[in-house]
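Below you'll find the structure, written out as structure tokens, and then a few comments.
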Amino acid sequence: MMDGLPLQERKIIMSNPNAAAAASTPMKTPSYAWPCLIVSLLCAVTLVWAWQWLPGITFPVFKEYLASTNPQFQNPAMFGQMANTMGLVPIGAIIMALPTTFLVQKIGPKWATVIGMGLGILGTLICALTVESDFTIFLVGRFIFGLALACTIVAGPTCVSIWFPGSTRGRAMAIWSCWAPIGIFTVNLFGGNVLGVCGGSVSVLQWVWVVCMVIAAVLMAVVFRDPKGDEVSEVAPDRKRLRDVLPFFKSRQLWCLIFMFAVFNYMNYAFSQYLKTWLATPLEAGGLGWDPMMSGLIGGALCACGILAPIGGWILDKLPREKKYIAVVIGICSLTVCSFLAFLNNMPIFCFYALFFCIGNMFLNGCCRPMVPSFVFAGGATAVSFGLSFLTLGQYLGQIPTSYAFAAGEAVGWTYNEIMLYCFVPVGVIGIILSLFMKPSKPKAVEGGKPEAKPAE
């Protein structure tokens, strides 16, 4: 296994007993790894509910609610601020992504996750108390929620990585990566009903999400623990100093993955925000004209197709190290084709769009996060969390421009399909190029005819 690794990485692996053992002997997955995966996943799903409820109940519903309850929205110009309801969350996540690595290094991934849940509860409480009175402070709550999101999606996969060995880590982290598809699908499917149970009050709806997050945080605190003894995988729970893991970040493949992940999220976020609205748009206006229930069901199901991620993770586990990048190439190619076919009111084309969308999400959602430990596993939990922090930066740097790209396109009179053609398909081509650069370099030949691995790039 180690023959194909960079020389510098091999030296560090040999200094790590767990990593060195894993390099020669496959490790078994401890039975307690699965409860730890489940509680970490539950935390992330409850955060998605509190984050994605707005697309789940549609922007027009929220607009009418604000017009009737918040005095600020007696001025129609205020409605331009609605984009910040979603846009401020990724901004907060970007700010918190790298500091989460220091939290993990100091207190471990478990308590970093719990702190993230606490921030999510605080941010949502602020939203609950101010949505009907002060929209500016409401947006502050959404920003704080973005800080929470970064904590959880950096610390959560790190929790998984320290429990699962290389032979099953791909599918395990792919299961965890279903957090967003599961949350998006359920909030799109049931969000309107939950709002109805809340009497149509968005304020009460926020309290529902607070209760869900409190329950998940308590379960995480009680159930999760660090692995012990022979439960420890090659990603040791030991929290190394940051400077000790920096050598792993001289990798071209890792940085191409991070930048490609930003491209993936820029493209994918368009569908989670706008697909349901487009499906319900009348035919004469360029949509499919479905009723709200059908558009919520189909739109939610498609946006949740990332739930196929475990299949992508399983394929990733089966691919040899030097071929793993192929899964990412297939994924970004499929999503680019999907963007080309998106938002056309033609049912056969819509079916092809749905197919390529599912393939793209299966591979990209299922393979990108698991590939981070494959580059830095010998650096332990600190290195994994640091790599995931950069991946999270890519994720939300990619998501921020999505809403604004659509707003700009609509301002000049483009249809949704034209916005995808002009603003998203070209970016997808860039993602394809980046994914091709993830191919490992060939080892150099040295005296004696044996190949020497190229130093980490």
Side-chain angles (χ1 to χ4, degrees), residues 46-97 99-100 115-153 180 183-184 187 191 194-195 198 200-210 212-213 265-266 269-270 272-274 277 392-393 395-408 410-411:
T46 59
L47 284 178
V48 178
W49 293 340
W51 172 28
Q52 291 282 331
W53 60 267
L54 177 52
I57 64 169
T58 75
F59 283 85
V61 171
F62 188 45
K63 183 176 180 179
E64 292 176 9
Y65 176 81
L66 290 174
S68 63
T69 60
N70 193 315
Q72 289 174 280
F73 285 87
Q74 301 307 313
N75 177 7
M78 275 295 295
F79 286 109
Q81 296 294 320
M82 282 185 59
N84 290 319
T85 304
M86 297 303 291
L88 281 171
V89 175
I91 290 174
I94 286 171
I95 292 172
M96 194 63 188
T100 300
I115 287 176
M117 295 300 293
L119 286 170
I121 291 165
L122 173 63
T124 308
L125 279 173
I126 292 172
C127 291
L129 295 171
T130 60
V131 66
E132 295 179 355
S133 58
D134 193 323
F135 194 70
T136 302
I137 300 179
F138 169 83
L139 293 177
V140 171
R142 291 293 283 182
F143 172 78
I144 293 173
F145 186 85
L147 303 178
L149 203 61
C151 274
T152 304
I153 63 174
I184 290 171
V187 82
V194 176
L195 182 65
C198 296
S201 171
V202 172
S203 177
V204 176
L205 183 68
Q206 306 304 300
W207 285 101
V208 172
W209 307 140
V210 167
C212 292
M213 286 187 286
N265 278 277
Y266 169 69
Y269 201 47
S272 66
Q273 285 200 76
Y274 297 97
T277 299
T392 301
L393 280 176
Q395 177 173 348
Y396 291 109
L397 283 171
Q399 288 183 6
I400 285 175
T402 301
S403 300
Y404 303 108
F406 268 82
E410 289 178 314

Within a strict 4.5 Å, meaning less than it, do heavy atoms of the [X] and [Y] side chains meet?
X      : Y      : result
Tyr65  : Ser201 : yes
Met96  : Thr392 : no
Leu149 : Tyr396 : yes
Leu195 : Val61  : yes
Val202 : Thr69  : no

Rounded to the nearest 0.5 Å, how far does [atom2] of [Y] lie from [atom1] of [X]?
X      : Y      : atom1 : atom2 : value
Thr152 : Leu47  : OG1   : CG    : 4.5 Å
Thr46  : Trp51  : OG1   : CH2   : 13.0 Å
Thr124 : Met213 : OG1   : CE    : 3.0 Å
Ile121 : Ile126 : CD1   : CD1   : 12.5 Å
Met86  : Gln52  : CE    : CD    : 4.0 Å
Glu132 : Cys127 : CD    : SG    : 12.5 Å

Can you see which heavy atom on [X] is nearest to which on [Y], and at what distance?
X      : Y      : value
Phe143 : Gly92  : CE1-CA, 3.6 Å
Leu66  : Val131 : CD2-O, 3.8 Å
Phe79  : Ala67  : CZ-CB, 3.9 Å
Tyr404 : Gly87  : OH-CA, 4.3 Å
Pro71  : Ser133 : CD-O, 4.4 Å
Leu119 : Ile144 : O-CG2, 3.6 Å

Show your working on side chain to side chain contact (heavy atoms under 4.5 Å, CB included) between Met78 and Asn70 and close with a plain yes or no. CA-CA 11 Å; Met78 275 295 295; Asn70 193 315; over 6 Å; no
Run the side chain to side chain contact (heavy atoms under 4.5 Å, CB included) check on Leu125 and Trp207 step by step: do they pass? CA-CA 7 Å; Leu125 279 173; Trp207 285 101; 3.2 Å; yes
Between Phe138 and Thr85, is the side chain to side chain contact (heavy atoms under 4.5 Å, CB included) condition met? List the steps. CA-CA 8 Å; Phe138 169 83; Thr85 304; 3.9 Å; yes
Check for a donor-acceptor pair, side chain of Asn265 on one end and backbone N or O of Leu397 on the other, with a separation under 3.5 Å. no
Would you say Trp209's side chain and Gln206's backbone share a donor-acceptor pair under 3.5 angstrom? no
Evaluate the ring planes of Phe135 and Phe62, with Trp represented by its six-membered ring, and classify them as parallel (under 30°), tilted (30 to 60°) or perpendicular (over 60°). tilted
